[in-house]
Amino acid sequence: MAPCMTVRRPPPPQMRLPLQAEDGVRAQDLVIGDSNRAAAERLDGWPDGLVPVLALYGPPGCGKSRLAARWAERTGAVPLHGAEAALIDPLELEGRPVLLDDAQDADDETLFHLFNLARAPGGALLLVAQTPPANWRAALPDLRSRLDATPALAIETPDDAVLEAMLRGRFAQRAITPSDDLIAYLLRRIDRSAQAAADIVDRLHADPRPATRATARLLLNDPG
(Lines give C-alpha, C1' and ligand atoms only; values in the text may rest on other atoms or scores of the structure.)
Protein backbone atom coordinates (compact mmCIF):
# COMPACT_ATOMS: atom_id res chain seq x y z
CA MET A 1 0.00 0.00 0.00
CA ALA A 2 1.40 3.35 -0.98
CA PRO A 3 2.30 5.58 1.97
CA CYS A 4 -0.20 8.28 2.77
CA MET A 5 1.05 11.64 1.65
CA THR A 6 0.33 14.77 3.65
CA VAL A 7 -0.59 17.74 1.52
CA ARG A 8 0.62 20.95 3.07
CA ARG A 9 -1.51 23.89 2.28
CA PRO A 10 0.17 27.29 2.10
CA PRO A 11 -0.81 29.62 4.93
CA PRO A 12 -3.47 32.15 4.03
CA PRO A 13 -1.97 35.40 2.83
CA GLN A 14 -1.74 38.08 5.48
CA MET A 15 -3.97 41.03 4.82
CA ARG A 16 -1.90 43.93 3.58
CA LEU A 17 -2.56 47.54 4.41
CA PRO A 18 -3.30 48.91 0.93
CA LEU A 19 -4.94 52.11 2.01
CA GLN A 20 -2.65 54.99 1.27
CA ALA A 21 -2.83 58.75 1.53
CA GLU A 22 -4.57 60.48 -1.34
CA ASP A 23 -2.51 60.71 -4.53
CA GLY A 24 -0.49 63.90 -4.67
CA VAL A 25 -0.73 64.53 -0.93
CA ARG A 26 2.85 64.70 0.33
CA ALA A 27 4.10 65.75 3.73
CA GLN A 28 6.98 67.70 2.17
CA ASP A 29 4.52 69.94 0.33
CA LEU A 30 3.22 71.38 3.60
CA VAL A 31 3.72 75.06 4.30
CA ILE A 32 2.94 76.52 7.72
CA GLY A 33 1.01 79.77 7.84
CA ASP A 34 -1.47 81.54 10.04
CA SER A 35 -4.25 79.26 8.82
CA ASN A 36 -2.68 76.03 10.08
CA ARG A 37 0.03 76.97 12.59
CA ALA A 38 -1.91 76.16 15.77
CA ALA A 39 -2.94 72.74 14.48
CA ALA A 40 0.60 71.99 13.26
CA GLU A 41 2.15 72.87 16.62
CA ARG A 42 -0.34 70.67 18.47
CA LEU A 43 0.32 67.69 16.20
CA ASP A 44 4.09 68.15 16.52
CA GLY A 45 3.82 67.21 20.20
CA TRP A 46 1.24 64.44 19.85
CA PRO A 47 0.71 61.61 20.84
CA ASP A 48 1.45 62.84 24.33
CA GLY A 49 0.14 59.99 26.47
CA LEU A 50 -2.76 62.14 27.63
CA VAL A 51 -5.11 62.40 24.64
CA PRO A 52 -5.44 59.19 22.56
CA VAL A 53 -7.67 60.67 19.83
CA LEU A 54 -7.56 64.00 17.98
CA ALA A 55 -9.55 65.34 15.06
CA LEU A 56 -8.30 67.64 12.31
CA TYR A 57 -10.93 69.42 10.25
CA GLY A 58 -11.33 72.20 7.70
CA PRO A 59 -12.80 73.08 4.31
CA PRO A 60 -11.81 71.23 1.11
CA GLY A 61 -8.38 72.20 -0.16
CA CYS A 62 -7.20 73.80 3.09
CA GLY A 63 -4.18 71.48 3.40
CA LYS A 64 -5.38 69.26 6.25
CA SER A 65 -4.39 66.07 4.42
CA ARG A 66 -0.82 67.35 4.01
CA LEU A 67 -0.64 68.22 7.69
CA ALA A 68 -1.98 64.78 8.57
CA ALA A 69 0.52 63.16 6.20
CA ARG A 70 3.38 64.92 7.98
CA TRP A 71 2.12 63.58 11.31
CA ALA A 72 1.77 60.06 9.88
CA GLU A 73 5.29 60.20 8.48
CA ARG A 74 6.71 61.24 11.83
CA THR A 75 4.82 58.67 13.89
CA GLY A 76 4.74 55.78 11.42
CA ALA A 77 0.94 55.81 11.51
CA VAL A 78 -1.13 53.44 9.38
CA PRO A 79 -3.08 55.49 6.79
CA LEU A 80 -6.73 54.52 6.34
CA HIS A 81 -9.43 56.16 4.28
CA GLY A 82 -13.12 56.54 5.01
CA ALA A 83 -15.36 53.52 4.63
CA GLU A 84 -12.41 51.42 3.41
CA ALA A 85 -11.15 51.27 6.99
CA ALA A 86 -13.67 48.47 7.60
CA LEU A 87 -11.56 46.19 5.35
CA ILE A 88 -8.64 46.14 7.77
CA ASP A 89 -8.33 43.55 10.51
CA PRO A 90 -8.23 45.54 13.77
CA LEU A 91 -5.56 43.19 15.14
CA GLU A 92 -3.14 44.58 12.53
CA LEU A 93 -3.59 48.04 14.03
CA GLU A 94 -3.08 47.16 17.68
CA GLY A 95 -0.34 49.21 19.31
CA ARG A 96 0.07 51.49 16.28
CA PRO A 97 -0.93 55.08 15.52
CA VAL A 98 -3.68 55.33 12.89
CA LEU A 99 -4.57 58.14 10.48
CA LEU A 100 -8.16 58.00 9.25
CA ASP A 101 -8.91 60.47 6.44
CA ASP A 102 -12.53 61.17 5.46
CA ALA A 103 -13.28 59.80 8.91
CA GLN A 104 -16.94 60.78 8.83
CA ASP A 105 -17.50 58.12 6.13
CA ALA A 106 -16.38 55.21 8.33
CA ASP A 107 -19.14 53.04 9.80
CA ASP A 108 -19.98 53.19 13.49
CA GLU A 109 -18.51 49.80 14.38
CA THR A 110 -15.18 50.56 12.71
CA LEU A 111 -14.89 53.95 14.39
CA PHE A 112 -15.74 52.42 17.76
CA HIS A 113 -13.01 49.77 17.36
CA LEU A 114 -10.47 52.42 16.34
CA PHE A 115 -11.30 54.51 19.40
CA ASN A 116 -10.72 51.49 21.63
CA LEU A 117 -7.44 50.59 19.89
CA ALA A 118 -6.18 54.16 20.34
CA ARG A 119 -6.28 53.68 24.12
CA ALA A 120 -3.89 50.72 24.01
CA PRO A 121 -0.14 51.29 24.60
CA GLY A 122 1.42 52.67 21.43
CA GLY A 123 -1.94 53.57 19.93
CA ALA A 124 -3.28 56.92 18.73
CA LEU A 125 -5.99 57.95 16.31
CA LEU A 126 -6.03 61.08 14.12
CA LEU A 127 -9.40 61.70 12.48
CA VAL A 128 -9.43 63.97 9.41
CA ALA A 129 -12.66 65.42 8.02
CA GLN A 130 -14.35 68.59 6.81
CA THR A 131 -16.35 69.03 10.03
CA PRO A 132 -15.62 68.29 13.71
CA PRO A 133 -16.67 64.87 15.11
CA ALA A 134 -19.42 66.45 17.20
CA ASN A 135 -21.25 67.13 13.92
CA TRP A 136 -21.08 63.54 12.61
CA ARG A 137 -23.95 61.11 12.74
CA ALA A 138 -23.58 58.12 15.06
CA ALA A 139 -26.20 55.55 16.04
CA LEU A 140 -24.11 53.88 18.77
CA PRO A 141 -24.52 55.80 22.04
CA ASP A 142 -20.99 54.91 23.21
CA LEU A 143 -19.54 56.16 19.94
CA ARG A 144 -21.64 59.32 20.12
CA SER A 145 -20.17 60.18 23.50
CA ARG A 146 -16.63 59.56 22.26
CA LEU A 147 -17.11 61.74 19.20
CA ASP A 148 -18.56 64.56 21.27
CA ALA A 149 -15.57 64.42 23.63
CA THR A 150 -12.87 64.32 20.91
CA PRO A 151 -10.64 67.43 20.84
CA ALA A 152 -10.78 69.01 17.38
CA LEU A 153 -8.13 71.12 15.63
CA ALA A 154 -9.45 73.55 13.01
CA ILE A 155 -7.63 74.57 9.83
CA GLU A 156 -8.88 77.72 8.20
CA THR A 157 -9.04 78.68 4.53
CA PRO A 158 -5.45 78.95 3.21
CA ASP A 159 -3.80 82.30 3.85
CA ASP A 160 -1.51 83.99 1.32
CA ALA A 161 1.60 82.09 2.42
CA VAL A 162 -0.06 78.68 2.15
CA LEU A 163 -1.89 79.44 -1.11
CA GLU A 164 1.29 80.82 -2.69
CA ALA A 165 3.11 77.61 -1.77
CA MET A 166 0.30 75.58 -3.33
CA LEU A 167 0.58 77.60 -6.54
CA ARG A 168 4.37 77.42 -6.75
CA GLY A 169 4.32 73.71 -6.03
CA ARG A 170 1.84 73.08 -8.83
CA PHE A 171 3.81 75.28 -11.24
CA ALA A 172 6.96 73.34 -10.39
CA GLN A 173 5.19 70.08 -11.23
CA ARG A 174 4.42 71.54 -14.64
CA ALA A 175 8.01 72.79 -15.10
CA ILE A 176 6.82 76.40 -15.16
CA THR A 177 8.63 79.20 -13.38
CA PRO A 178 5.98 81.82 -12.64
CA SER A 179 6.76 85.49 -12.21
CA ASP A 180 6.10 87.12 -8.87
CA ASP A 181 3.61 89.35 -10.69
CA LEU A 182 1.61 86.30 -11.84
CA ILE A 183 1.61 84.79 -8.36
CA ALA A 184 0.47 88.06 -6.79
CA TYR A 185 -2.33 88.34 -9.34
CA LEU A 186 -3.57 84.78 -8.78
CA LEU A 187 -3.58 85.23 -5.01
CA ARG A 188 -6.15 88.01 -5.48
CA ARG A 189 -8.28 86.28 -8.11
CA ILE A 190 -8.70 82.55 -7.44
CA ASP A 191 -10.60 80.71 -4.72
CA ARG A 192 -8.47 79.97 -1.68
CA SER A 193 -8.09 76.21 -2.05
CA ALA A 194 -5.63 73.63 -3.34
CA GLN A 195 -8.10 72.63 -6.04
CA ALA A 196 -8.40 76.19 -7.35
CA ALA A 197 -4.61 76.49 -7.44
CA ALA A 198 -4.30 73.21 -9.34
CA ASP A 199 -7.03 74.16 -11.81
CA ILE A 200 -5.58 77.51 -12.85
CA VAL A 201 -2.04 76.15 -13.18
CA ASP A 202 -3.29 73.26 -15.31
CA ARG A 203 -5.20 75.69 -17.52
CA LEU A 204 -2.12 77.89 -17.93
CA HIS A 205 -0.03 74.82 -18.76
CA ALA A 206 -2.51 73.68 -21.41
CA ASP A 207 -2.76 77.12 -23.03
CA PRO A 208 -0.33 77.72 -25.93
CA ARG A 209 0.34 81.28 -24.75
CA PRO A 210 3.04 82.06 -22.17
CA ALA A 211 2.01 81.61 -18.53
CA THR A 212 1.74 85.30 -17.70
CA ARG A 213 -0.60 87.57 -15.83
CA ALA A 214 -2.18 88.61 -19.14
CA THR A 215 -2.92 84.99 -20.05
CA ALA A 216 -4.34 84.32 -16.59
CA ARG A 217 -6.64 87.33 -16.97
CA LEU A 218 -8.02 85.92 -20.21
CA LEU A 219 -8.51 82.45 -18.74
CA LEU A 220 -10.32 83.87 -15.71
CA ASN A 221 -12.45 86.23 -17.84
CA ASP A 222 -11.18 89.08 -15.72
CA PRO A 223 -12.13 92.44 -17.27
CA GLY A 224 -9.36 94.10 -15.29
Side-chain angles (χ1 to χ4, degrees), residues 19-45 54-74 77 79 81-82 99-105 126-132 135 152-224:
L19 309 177
Q20 302 295 329
E22 183 180 352
D23 290 344
V25 175
R26 303 180 302 173
Q28 59 265 38
D29 291 337
L30 178 69
V31 171
I32 303 300
D34 291 341
S35 60
N36 60 10
R37 181 172 289 106
E41 291 176 352
R42 178 68 179 96
L43 286 178
D44 283 346
L54 279 178
L56 184 66
Y57 73 96
C62 69
K64 57 185 178 293
S65 291
R66 286 180 172 82
L67 186 55
R70 185 177 79 157
W71 175 82
E73 183 177 279
R74 177 177 65 82
H81 194 275
L99 163 62
L100 180 59
D101 207 348
D102 282 339
Q104 75 284 341
D105 294 335
L126 179 60
L127 304 169
V128 181
Q130 293 184 24
T131 59
N135 292 357
L153 309 172
I155 297 184
E156 306 297 335
T157 300
D159 55 33
D160 280 358
V162 174
L163 186 58
E164 179 177 345
M166 291 176 176
L167 284 166
R168 292 191 182 278
R170 193 71 178 189
F171 276 122
Q173 291 175 5
R174 295 299 194 180
I176 298 174
T177 303
S179 67
D180 291 342
D181 182 57
L182 173 58
I183 293 292
Y185 172 78
L186 294 177
L187 288 177
R188 298 192 302 271
R189 292 295 189 273
I190 67 172
D191 291 340
R192 307 191 76 78
S193 72
Q195 188 59 56
D199 287 346
I200 187 59
V201 172
D202 289 348
R203 292 175 66 186
L204 285 165
H205 178 259
D207 196 285
R209 293 165 293 195
T212 63
R213 172 175 174 166
T215 303
R217 285 182 57 185
L218 293 173
L219 293 177
L220 294 173
N221 295 317
D222 179 10

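Fair warning: this is a prediction, and the values are worked out from it, not measured in the lab.
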Separation between CG (L67) and CG (D44), nearest 0.5 Å, reads 8.0 Å
So how far is it from L187 CG to L167 CG, rounded to the nearest 0.5 Å? 6.0 Å
Sequence neighbours left out, cut at 3.5 Å: what donor-acceptor pairs do the side chains of residues 215-224 make with other protein atoms?
| residue | atom | partner | partner atom | Å |
| --- | --- | --- | --- | --- |
| T215 | OG1 | P210 | O | 2.6 |
| T215 | OG1 | T212 | OG1 | 3.2 |
| R217 | NH2 | P223 | O | 3.4 |
| D222 | OD1 | G224 | N | 3.0 |
| D222 | OD2 | Y185 | OH | 2.5 |
| D222 | OD2 | R189 | NE | 2.9 |

Donor-acceptor contact present, side-chain D159 to main-chain S35, <3.5 Å: yes
Is K64 salt-bridged to D101, going by a charged N under 4.0 Å from an acidic O? no
If the condition is side chain to side chain contact (heavy atoms under 4.5 Å, CB included), which residues does A72 pass it with, not counting sequence neighbours? A77, L99
R37 meets the side chain to side chain contact (heavy atoms under 4.5 Å, CB included) criterion, sequence neighbours left out, with I32, D34, E41
For R213, check salt bridge (Lys or Arg N to Asp or Glu O under 4.0 Å) against everything at least two apart and list the hits. D181
For G61 and P158, work out which heavy atoms get closest and say how close. O-CG, 3.6 Å
Is there a side-chain contact between L186 and L163, using heavy atoms and a 4.5 Å cut-off? no
Smallest heavy-atom separation, P60 atom then S193 atom, equals O-CB, 3.9 Å
Side chains of I183 and F171, heavy atoms from C-beta outward: is any pair under 4.5 Å? yes
Excluding sequence neighbours, so at least two apart, what forms side chain to side chain donor-acceptor pair (under 3.5 Å) with E156? none
R192: which residues meet the salt bridge (Lys or Arg N to Asp or Glu O under 4.0 Å) condition with it, sequence neighbours left out? D160
Sequence neighbours excluded, which residues qualify as side chain to side chain donor-acceptor pair (under 3.5 Å) partners of R74? none
Contacts of A194 that satisfy side chain to side chain contact (heavy atoms under 4.5 Å, CB included) - sequence neighbours left out: R66, M166
Please find the pair of heavy atoms, one from R170 and one from A197, that lie closest to each other, and give the distance. CG-O, 4.4 Å
So H81 and D105, do their side chains get closer than 4.5 Å, heavy atoms only? no
D207: what forms a salt bridge (Lys or Arg N to Asp or Glu O under 4.0 Å) with it, not counting sequence neighbours? R209
Flag if over 12 foreign heavy atoms under 6.0 Å of CG, D191: no
Mind checking side chain to side chain donor-acceptor pair (under 3.5 Å) for T157 and listing every partner two or more places apart, or none if nothing turns up? none
Just how far is it from atom CD1 of I200 to atom CD of Q195, taken to the nearest 0.5 Å? 12.0 Å
So OG of S65 and CD1 of I155: to nearest 0.5 Å the spacing works out to 8.5 Å
Looking at every non-hydrogen atom in both residues, tell me the closest pair between A39 and A154 and how far apart they are. CB-O, 4.2 Å
Suppose we screen for side chain to side chain donor-acceptor pair (under 3.5 Å). Which residues come up paired with N135, at least two apart in sequence or across chains? none
